[in-house]
Structure formats: C-alpha cells, structure tokens
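All figures in this text were calculated on a predicted structure; none of them were measured in a lab. Here is the naming used below: chain letters follow the sequence lines, and residue numbers restart at 1 for every chain.
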Amino acid sequence: MSADLTPPAPVPTDFIRDIVAADVAAQRHAKIVTRFPPEPNGYLHIGHAKSICLNFGIAREHGGVCNLRFDDTNPAKEEIEYVESITTDVQWLIAGWADHCLGFKPQGAHPAKVTSHGQPDYYLAPVSLPAPGSPLPASAEPFYASDYFDALYEYALELIRRGQAYVCDLNAEDTEKYRGAPDRPGQDSPFRHRSVAENLDLFQRMKAGEFPDGARSLRSKIDMASPNMWLRDPLLYRIRHIPHYHAGAKWCIYPLYDYAHCLSDYLEGVSHSLCSLEFVPHRALYDWVLENLGLPRPLPHQYEFAKLVPTYTLLSKRNILRLVQEKVVAGWDDPRLPTLSGLRRRGIPASAIRQFVISVGVTTFNSVTDIAVFEHAVREELNRTAARRLAVLRPVKLVLTNLPAGETIACAAVNNPQDETPTTRPVALTREVFIEADDFAEVPPPKYFRLKPGGEVRLKYACIIKCDELVKDAAGAITEIRCTAQLDTRHGQPNADKKVKGTIHWVSATDCLDAEVRLYDRLFTVPEPGAAEDFMKVVNPKSLEVVTAKLEPSLAGAKVGERFQFERLGYFTPDAKDSSPAKPVFNRAITLRDAWAK
RNA sequence: UGCCCGAUGGUGUAAUGGUAGCACGAACGACUCUGACUCGUUCUGUCUAGGUUCGACUCCUAGUCGGGCAGCCA
C-alpha cells in the first residue's frame, strides 16, 4: 500500500453528495456511514469500482466510514474464494486514497444487545482506530450479513408480534399466482390471517428444521393489490436446508435481500445506503421493514444511481463467469477482463480506475460510457508515473557497419521526461541492434518518417543513422539492414542538433533480454456486446497476441507491480503470475495514442 | 396495455428561473531525440407540442422515446 502522490482531484458533486451534505448540515446523523455490500458470488469488476468510489468517497469527504459488508444471505451461491478476492480488490482500489475510511469489525463480532433511547436495540460498530488513519488491526475483518442472522430472527419475531408478518404455506408456484401481475392486483394468501400465536409457533418450528425446503415461508403483510409488485406481501424468510459458508450449519431458514439489507444497514449505523437503479421499486419495502419495527435509532435511507456501462466490455458477473467457464479467457484475473483482478494484472493503476469512475459522475440516467474515457485516464496516470524503457516487440536486425564489433558507445536514456528533474540511465549502443519491424519500410507509404532505403533516422538517445543497404534471404525477406552511424550527432557532440524527421527505438542485439510479451486488445468487436444476440459471437479473435520481444537489460530487475512505458509502444508490467527473472513475461496495459496509425 | 424512473453535442457530465460550460472523442495545425506528452483552432447539444414567466435545460400539462418492476437471487 504505497502512498498515492496524485494531487487530490477536485471531487465533483452530484445529487447524492448534495443529499449527504444537506443531511450533514442538518445534523441528521452523528456520523456519515456508508457501506459497500457485495454478495460473495463472483469477482469484483470496474462497475463495482464506481460504487466503491462513491461509497468510500462520500465517507472520506465527511470524516466517515464505509463498511465492507458481505451480503451473504443465499448460501447456495456464496463461497469463501470470493470473499477473499473481494477483500483484496477493495483494499487495492482504495489504497492511499480512502483506506483510512475502510470499516471492518472486530474478528468474530456479532451485533450487540444495547439500549438506545431507553429501548432494546442491536448495534455493531466498526473497529475504532487509535488514531485517524492508523492501520486496521490484523484481528479486524469485514462485516457479514450472515453474522446478523440471530438479530434478524429476533426482528422477525417482533414483526410477527406486531401483526406485520405471517407464515405462509403456499408453494413457490402458488405464491406467484397469488401475486397477480403488474396490471392486475394479487389475491391474499389463504394463510394471511393466522393468529400471532400460530405464526410465532410456526416460524420457530421453521427455524427448528421441522419443515422441508419451500414448504413454508415468512411473509410481510403489506398489500396484495399494491401497484408496486414488491409490496405484495414479499417473502422475508425461506427454508433452505443447506449449510452456510460463514454461518455454518446453524440455520435452515435464510432471510431474503429486502429484509436483510435494510436491517443490516441499520445494525451497522449506516446513514446512506447507495445502490443501483434497479432497486428503486424496492425502496418502499426497505422503508416499510424499518418503519414497522419501531427502531430507536435514526433510520438509514436508500438512494439509487445508474450503473456504469462502458463500451466494448461486458460487466455482469453471470456473463463474465461464462467467459471464464467456456475458456474464452484464462480465468477471473485474465487481463482482458474488466475485473479488478484482471485490470490489476494487466497493469492498470488503481488510481486510474478511481479517476475514471469519478470522472463519469453519478446520475440517475442509464448511460453508456465510451471506453476511450477509461483509456484516457489510464494513459494520463501512466504517462506521469511510468519509467521509460527501450524494448523491441518485433525485432529486425540492423548493423552499424562503421562500428567495430565489440565496441560499445555509452548513451544516456531519460527515465521519465515528465519528471521535474528527469534522471537518466546508461544504455550501450553496439554494432548490431534490433529495431522494430514497423520502423523500416523498403517501399515507404506517403509521409513515412521512419527508416527507408537511403534514408536517415535517429536512434533514440544515440545518433542519426543512414540506411545504406539491405541483406535478404533466398526468399527475399530482409534479414539485415546495414547502416552507417553518424556518431557526431550524439548528445553533446558537434552535430547533436541535426534534425531528422524520425526517431526510432532500438535495443542492443548483443546486450539484451528475451521476454514473452502479451499484447492485449479489446475482448469484443462491437461497442455493446451485451446487446448482441450472443456475445460469444462478437468476441475479438485477436484480443491476445504473444510475441518474443527484445528488452533493454535494465528490465531484468522489473518487479511485479512496476509499470513501464516501452518507448513509442505503450505501457507494460511484469505478469504477476507467470513472470520470473529467468523467464520474464510482460503484459501490455495499453498502447500509446497513435495518430499515425489512423 | 398498471405503476415507477429517466431524456442536454458522437459519448459522459455541469448549469438548482438569469451568458448552455467542462471532459472524452474527431479533424486540422504548432512543437517534438517518443507520430507520445504539451499547446492552439475547429466540430456538434437542451426529445416534441403547448402553458406559466420580463426571462425556461430548469416549473406545469400532454405526447414521444428509452429503462425498470410479476425469484422462495442479490
């Protein structure tokens, strides 16, 4: 977790931040508490990054806290693998930016019985840090909705006592029939008018495991004729005789999202509960549960915003899972995927992801964001921070005929021209070098600045060379380009200022490193793969190209997490899984902008 | 064809009854030991029709178009 030296970008306001600011001004909450509540059933992607940056952003702007909470109320889908990856990804994304706002709870802690305003209540606070910004103790852990099952059960009992919930014996099919349709009112369940005593008895027996899966459910008693389908006596609990990855085998009844989520927010003292637009119809239910329990503390409120939809990418967990299962990609962390682990492995800095999702803004309009906005944020960050190195992806041999074999000419290469006081490193020019195949054309197209027969070009950081002659094999392919080096055009030499139109990169053929380099391109060929009949049919067959490149020797020490600009090519990082000193593997995060290619 | 939500350039977003701005993108140009970066110029917008008002992107009405809602998923 390195410090982020990015100057604090001005945070644009939005309608949610306006609401929070008004609540702060009115002192409606003792503290601003938000939460990021993923279900641990998949990996986090860049869409989640928008939610993370909103929730943590609001917390940090108000000296508040944002709890990481696993919304794990469906044991059929959730796995420990996902809680681990999600925890890692969240911490990576906010490191150096909002890590001091991350809300974790003491290990093993459950909501405590407390008294609030003279009333019995439950509450679970995040660990309190000795000083603001101090690191979380190793004993802290994320919040889990499944830690609230006891409290949730007590609240359900209370709802029953208040006559607001009942045990229903309808099966799933009949429940659906009774619910009616959006343009047709539903019908009351025949079990809607059971006595409180009978409901209490039945619900306790549900918990005790007396009934099979689906035999009964606990339902809210709201309005079967409501125009809002989510108010037609929605289920609160279902019976599932399966163990839970976190709660163990204790339960066979599990709460549903709409019941668990609002109460989880309440238990944690959440002030603002932010979710995406598809939950708008659920908001009335969120409020109903909280309001009908007579809770003593201030209630959290739900606000909704539009999801991020970038072009040329697929964001739903279900679809990403399919790409993984059908081996279109190599795993959840394949660098072509928009998962946070994939983006990290590809070499995308967390700060660029943050900058991107923040720049997109927060509204209630379902929009599609041009992926170019993301690419711009990545380039802007990497241009500022990445050290420059020389590397040749598709090497062609070039011989400097006036330079004796074995002689080396010391040159100084700038590490990052964007630094206020750029430093340099030595690179050695030798008789034989590699240049990029693209940088030579026997028959140059119009306006070609690079090397051509009889032409001159500068070898970056070295000198100007002139192309004298080509050596070809029997098939006519160029095997060697023979040039003369104009050594007096080196930096500090009399003709250093001589101008040529083109400058190309190079690597010494006798002092270089072989490396596998993975060149990634968009995974899909169309802007909205999700709108295609079958997104499998619009997968880009050229999304990955692997080359054996020649690298300048200093790249031997490259470490995972370091990012480099290979000059004139793009930004690259060692692959976290496959790269080793003996066999370096680099991933291309993104190319440089290339006006010439167009 | 019930209810809810939304609509500003190619894209995203700002303007909260008072000059429609910013960013991405595109085109052209300058600069350049990265055809990068940087800089300059240009491009394109308030869904429609009424109404309120001195004045409407903003408020009202109707329409059009788009999205959402009928899991014992979240």
Side-chain angles (χ1 to χ4, degrees), chain A residues 12-15 18 37-39 41 71-74 76-78 168 170-173 175-177 179-186 213-219 226-230 232 234-240 254 256-258 260-261 275 277-284 304 306 311 317 359-377 379-380 383-384 388 390 413-414 417-418 447-450 457-464 489-491 496-505 527 565-570 591-598:
Chain A
T13 187
D14 53 65
F15 78 101
D18 290 346
E39 182 184 18
N41 67 345
D71 217 352
D72 54 356
T73 56
N74 184 357
K77 289 187 170 183
E78 296 144 5
C168 179
L170 253 24
N171 62 26
E173 194 186 332
T175 303
E176 191 186 325
K177 279 184 194 145
R179 186 152 37 225
D183 57 350
R184 194 181 70 240
D213 287 4
R216 295 185 214 263
S217 62
L218 184 72
R219 291 235 249 166
S226 172
N228 181 345
M229 296 298 292
W230 287 101
R232 318 252 264 219
L235 273 73
L236 269 19
Y237 272 89
R238 79 284 226 183
I239 301 173
R240 284 281 175 282
Y254 292 95
L256 279 121
Y257 168 84
D258 289 292
H261 200 93
C275 60
L277 248 21
E278 67 260 37
F279 290 100
V280 168
H282 297 243
R283 187 173 59 228
E304 311 85 9
T311 54
K317 284 179 188 171
S359 76
V360 164
V362 180
T363 67
T364 56
F365 176 57
N366 288 308
S367 59
V368 178
T369 300
D370 192 336
I371 195 67
V373 179
F374 170 71
E375 295 171 344
H376 175 259
R379 290 191 179 109
E380 192 167 65
N383 176 54
R384 220 183 69 246
R388 315 283 120 128
L390 295 174
V414 177
Q418 304 288 325
K447 289 203 188 167
Y448 188 75
F449 296 170
R450 285 108 98 149
V457 84
R458 179 178 285 278
L459 292 183
K460 178 108 182 167
Y461 305 125
C463 62
I464 293 172
T489 61
R490 286 141 67 210
H491 180 74
D497 291 338
K498 178 175 174 181
K499 303 293 181 197
V500 285
K501 198 65 182 159
T503 298
I504 64 174
H505 58 277
Q565 183 194 104
F566 291 177
E567 295 217 39
R568 302 209 305 131
L569 296 171
T591 61
L592 255 29
R593 266 188 81 223
D594 187 358
W596 165 248
K598 295 164 184 169

J.: NA contact type, A:P417, heavy-atom cut-off 4.0 Å: base, sugar-phosphate, or nothing?
T.: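 Base, at least one base heavy atom under 4.0 Å.
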
J.: Check the phosphate of B:U34 against A:H505, side-chain N and O only, distance under 4.0 Å to OP1 or OP2. Yes or no?
T.: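 Answer is no, no contact under 4.0 Å.
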
J.: Taking the nucleotide of RNA chain B with the closest heavy atom to each, which residue, A:D258 or A:P227, is nearer the 5' end?
T.: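 Nearest-nucleotide comparison on RNA chain B picks A:P227.
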
J.: Polar-atom pairs under 3.5 Å, protein N or O versus N or O of nucleotides 28-30 of chain B: list them with distances, or write none.
T.:
none

J.: NA contact type, A:T73, heavy-atom cut-off 4.0 Å: base, sugar-phosphate, or nothing?
T.: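 Sugar-phosphate, no base atom in range.
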
J.: Indicate syn or anti for B:G71, taking the glycosidic torsion and treating anything within 90° of 0 as syn.
T.: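 B:G71: syn.
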
J.: 5'-most contact on RNA chain B: A:F374 or A:Q565, nearest heavy atom basis?
T.: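 That would be A:F374.
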
J.: Please identify which of these residues, A:H505, A:H491, A:R490, A:E567, meets the side-chain hydrogen bond (donor to acceptor under 3.5 Å, both in side chains) condition with A:Y461.
T.: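 The side-chain hydrogen bond (donor to acceptor under 3.5 Å, both in side chains) with A:Y461 is passed solely by A:E567 among A:H505, A:H491, A:R490, A:E567.
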
J.: Does A:T311 reach the main-chain N or O of A:I371 with its side chain, forming a donor-acceptor pair under 3.5 Å?
T.: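 Flag set: sc A:T311 to bb A:I371 pair under 3.5 Å.
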
J.: If you check every side-chain atom of A:D183, which of B:G2, B:U34, B:A74 has the closest atom?
T.: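 So the side chain of A:D183 is nearest to B:G2.
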
J.: Base of B:G35, side chain of A:R450 - is there a donor-acceptor contact under 3.5 Å?
T.: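 Donor-acceptor pair under 3.5 Å: yes.
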
J.: Take the protein atom CG of A:D497 and the nucleotide atom C1' of B:U32, then report the distance between them rounded to whole Å.
T.: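 Spelled out: CG on A:D497 to C1' on B:U32 is 13 Å.
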
J.: Mind checking if A:L170 touches a base, just sugar-phosphate, or nothing, with heavy atoms under 4.0 Å?
T.: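 Base: the residue A:L170, judged by heavy atoms under 4.0 Å, touches a nucleobase.
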
J.: NA contact type, A:L256, heavy-atom cut-off 4.0 Å: base, sugar-phosphate, or nothing?
T.: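 If one applies the 4.0 Å heavy-atom cut-off, A:L256 turns out to touch the sugar-phosphate alone, with no base involved.
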
J.: Would you classify A:Y237 as touching base, sugar-phosphate or nothing, given that sugar-phosphate means primed atoms plus P, OP1 and OP2, and contacts are heavy atoms under 4.0 Å?
T.: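 No contact.
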
J.: Report yes or no: is the ring centroid of A:Y257 under 5.5 Å from the six-membered base ring centroid of B:A74, with the two planes under 30 degrees?
T.: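 Stack criterion not met.
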
J.: Only one of A:E78, A:K317, A:K77 clears side-chain hydrogen bond (donor to acceptor under 3.5 Å, both in side chains) with A:N41; which?
T.: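 In the set A:E78, A:K317, A:K77, the residue that makes a side-chain hydrogen bond (donor to acceptor under 3.5 Å, both in side chains) with A:N41 is A:K317.
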
J.: A:A372 near the nucleic acid: base, sugar-phosphate alone, or nothing, with a heavy-atom cut-off under 4.0 Å?
T.: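 Sugar-phosphate, no base atom in range.
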
J.: Do A:T489 and A:R458 come within less than 4.5 Å of each other through their side chains, counting heavy atoms only?
T.: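 Side-chain contact under 4.5 Å: yes.
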
J.: Scan A:R232 against the nucleic acid and name what it touches under 4.0 Å (heavy atoms): base, sugar-phosphate only, or nothing.
T.: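 If one applies the 4.0 Å heavy-atom cut-off, A:R232 turns out to touch nothing in the nucleic acid.
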
J.: Describe the nucleic acid contact of A:F566 in one word from base, sugar-phosphate, nothing, applying a heavy-atom distance below 4.0 Å.
T.: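 A:F566: no heavy atom of the nucleic acid under 4.0 Å.
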
J.: Scan A:H261 against the nucleic acid and name what it touches under 4.0 Å (heavy atoms): base, sugar-phosphate only, or nothing.
T.: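 No contact at all - A:H261 keeps every heavy atom at 4.0 Å or more from the nucleic acid.
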
J.: Identify whether any heavy atom of A:N228 sits under 4.0 Å from a base atom; if not, whether one sits that close to sugar-phosphate; answer base, sugar-phosphate or nothing.
T.: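 Result for A:N228 = nothing.
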
J.: For RNA chain B, just give me the dot-bracket, please: Watson-Crick or G-U, both distances below 3.5 Å, ( ) intra-strand, [ ] crossing earlier pairs, | paired with another strand, . unpaired.
T.: .((((((..((((....[..))))((((((.......))))))...(((((..]....))))))))))).....

J.: Mind calculating the distance between CD (A:E375) and C1' (B:A26) to the nearest angstrom?
T.: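 Atom CD in A:E375 sits about 15 Å away from atom C1' in B:A26.
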
J.: Would you list the protein and nucleotides 6-14 of chain B atom pairs, both N or O, that sit under 3.5 Å from each other?
T.:
{"unit_1": "B:U11", "atom_1": "O3'", "unit_2": "A:V368", "atom_2": "O", "d": "3.0"}
{"unit_1": "B:U11", "atom_1": "O2'", "unit_2": "A:V368", "atom_2": "O", "d": "3.0"}
{"unit_1": "B:U11", "atom_1": "O2'", "unit_2": "A:D370", "atom_2": "N", "d": "3.4"}
{"unit_1": "B:G12", "atom_1": "OP1", "unit_2": "A:V368", "atom_2": "N", "d": "3.2"}
{"unit_1": "B:G12", "atom_1": "O3'", "unit_2": "A:S367", "atom_2": "OG", "d": "3.3"}
{"unit_1": "B:G12", "atom_1": "O2'", "unit_2": "A:V360", "atom_2": "O", "d": "3.0"}
{"unit_1": "B:U13", "atom_1": "OP1", "unit_2": "A:T363", "atom_2": "OG1", "d": "2.9"}

J.: In whole angstrom, what separates A:L592's CG from B:U38's P?
T.: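 It is 11 Å, rounded to the nearest whole Å.
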
J.: Taking the same atom, C1', in B:A30 and in B:A23, what whole-Å distance lies between them?
T.: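 It comes out at 23 Å once rounded to the nearest Å.
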
J.: Flag the pair A:E173 and A:K177 as a salt bridge only when some basic side-chain nitrogen lies within less than 4.0 angstrom of an acidic carboxylate oxygen.
T.: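 Here A:E173 pairs with A:K177 in a salt bridge, since their nearest N and O are under 4.0 Å apart.
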
J.: Need one value for A:R458: base, sugar-phosphate or nothing, where a base atom within 4.0 Å counts as base even if backbone is also close, heavy atoms only.
T.: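 Base: the residue A:R458, judged by heavy atoms under 4.0 Å, touches a nucleobase.
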
